[in-house]
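Index from 1, following the sequence.
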Amino acid sequence: MNQLNFLVEWNVKKERSWSGTNYSLYKALEQFYQVKDCPLSPIPLSRRIVRRFVPRLWDFGMSDIIRNRRNNENIGGKVLQFSEILDDCDTRCTYIYQDLCIDYLCYLYDNDLKTLNYSGYGRYSKNNILNRNIMQLEYFRHASGILMMGKWMADYLKNTYTEFRSKVYHVGGGINLDYKRIEPNPKKANNRILFVGRDFKRKGGYDVVKAFEIMRKKYQNLELHVAGPGINPIKDVVPGYYFYGDASKDTLQYLMNNCDVFCMPSYFEAYGLVFIEALVFGLPCVGRNRCEMPYFIEPGKTGELVDGESAEELAQKLEMVLNDTNYKRNIEDRRDYYLRKYSWDSVAKRIAEIIG
């Protein structure tokens, strides 16, 4: 079995790094490689403080990339990494797995400041983002492969930089909830909307609450279940609103099994693992017609998409999904397909076929 060097900056608890993505992929790749854990040195506390409180002074991680390059330059063989630490040389081939490219942030700076601010990256100076993009594009030119989670982002790179079109791949992502906890025939009241997301504003949480309030005037038994933010973002809670905070996996799995529709009309979502988790658990989805969401949701069959920012439009879409059992039936019929496509084992297999 060939060795694969796995370069990643772990959290204190490995299982929680990048919401579980890094660890899940690491374990899945062990089916195909002897995976060598090459942990990167964490960002120093001083720079983490700058990044949080004075983001425009932060160098967008460039110092830490350079430092880790020096610390890991002797690594040879095949490398899978999550930041541009190493590029190809005579003794190694490097591949990067990402959900976003810096060049797209440059595009937003010039064309869509509103979305850039929703994304959170508007806090950083344009100069720092431009310099960081130069570093990333230089890595892309010398890397063996660029593995993107989302198809929309893979297409953006291919269309923007034809010079490395041939080494950009869409490999997807996997669910981080336990599919064994899916209840095959849960008893539901067909009145529960689920929202999951820590960044309540970016993910459209306030829009969901407004749509819920509109719908409650017509459906008195309607419920909205919210998980993600550590502090309840809604001060004046209306009847039927339930808040779970930064919920555990057990709580999220319970909610997925007991709610009827998942709604997260995010204004910016590089990928959106929670959508595929909802689909795997049998929930029709309502999202926004941008980023990867149109690739997850098939309007009229597995959910609906909104285009504008109107709470009335969102309420209308939610009502459509709740009142038509065909959405749920279509998703239940595709469960085996979703389980295959959106498992980390499948993602690891696709990556292994590229890396060799």
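Under a hydrophobic clustering in which Ile, Leu, Val, Met, Phe, Trp and Tyr are joined whenever their side-chain heavy atoms come within less than 4.5 Å, directly or via other members, L25 and V171 fall into the same cluster. M149 and Y161 are assigned to two separate hydrophobic clusters, defined by single-linkage of ILVMFWY side chains at heavy-atom distances under 4.5 Å. Cluster annotation: Y156 and M148 are assigned to the same hydrophobic cluster (Ile/Leu/Val/Met/Phe/Trp/Tyr, side-chain heavy-atom contacts under 4.5 Å, transitive). Criterion: ILVMFWY side-chain heavy atoms under 4.5 Å apart, direct or through other members. Under it, Y121 and L130 are not part of a common hydrophobic cluster. Grouping the Ile, Leu, Val, Met, Phe, Trp and Tyr side chains by contacts below 4.5 angstrom, directly or via other members, places Y271 apart from L100.
Residue pairs meeting the side chain to side chain donor-acceptor pair (under 3.5 Å) criterion with at least one partner in residues 61-71, sequence neighbours excluded, are S41-R67, S41-N68, R47-D64, D59-S63, D64-R67.
Going from atom CG of D207 over to atom CZ of F195 covers 9.5 Å, rounded to the nearest 0.5 Å.
K210 NZ: 12 or fewer foreign heavy atoms inside a 6.0 Å radius. When the shell of 6.0 Å around OH of Y179 is examined, it contains 12 or fewer heavy atoms from other residues, nucleotides or ligands. When the shell of 6.0 Å around NZ of K201 is examined, it contains 12 or fewer heavy atoms from other residues, nucleotides or ligands. Within a 6.0 Å sphere centred on CZ of R16, other residues, nucleotides and ligands contribute 12 heavy atoms or fewer. In this structure, D333 places its CG atom where more than 12 heavy-atom neighbours from other residues, nucleotides or ligands lie under 6.0 Å away. Atom NZ of K301 has 12 or fewer heavy atoms from other residues, nucleotides or ligands within 6.0 Å. Annotation: K36, atom NZ; neighbour count of heavy atoms from other residues, nucleotides and ligands within 6.0 Å does not exceed 12.
Partners of N117 by side chain to side chain contact (heavy atoms under 4.5 Å, CB included), not counting sequence neighbours: none found.
N22 places none of its side-chain heavy atoms less than 4.5 Å from the side chain of K14.
At a threshold of 4.0 Å, the pair D87-R141 does not count as salt-bridged, since none of the basic side-chain nitrogens sits closer than that to a carboxylate oxygen. Between R340 and D345, no side-chain nitrogen of the basic residue sits less than 4.0 Å from a carboxylate oxygen of the acidic one, so the salt-bridge criterion is not met. Between E298 and R334, at least one side-chain nitrogen of the basic residue sits less than 4.0 Å from a carboxylate oxygen of the acidic one, meeting the salt-bridge criterion. Salt-bridge annotation for E309 and K114: present, with a side-chain N of the basic residue lying under 4.0 Å from a carboxylate O of the acidic one. Salt bridge K218/E319: present, at least one basic N to carboxylate O contact under 4.0 Å. In this structure, K27 does not pair ionically with E15, as no charged nitrogen and carboxylate oxygen lie closer than 4.0 Å. The existence of a salt bridge linking R290 and D307 is excluded, since no basic side-chain nitrogen approaches an acidic carboxylate oxygen closer than 4.0 Å.
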Stepwise salt bridge (charged side-chain N to carboxylate O under 4.0 Å, His left out) test for E292 and K151: CA-CA 7 Å; E292 193 71 4; K151 189 176 188 306; over 6 Å; no
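If you run ring pair (Phe, Tyr, Trp, His ring centres under 6.0 Å) between H225 and each of F243, Y244, F212, Y241, only Y244 comes through.
Proximity of the aromatic rings of F262 and F275 is defined here by a centroid distance below 6.0 angstrom, and this criterion is met.
Ring pair Y104/W152 is perpendicular by interplanar angle, where above 60° counts as perpendicular and below 30° as parallel. Using cut-offs of 30° and 60° on the angle between ring planes, the pair F60 and W58 is tilted.
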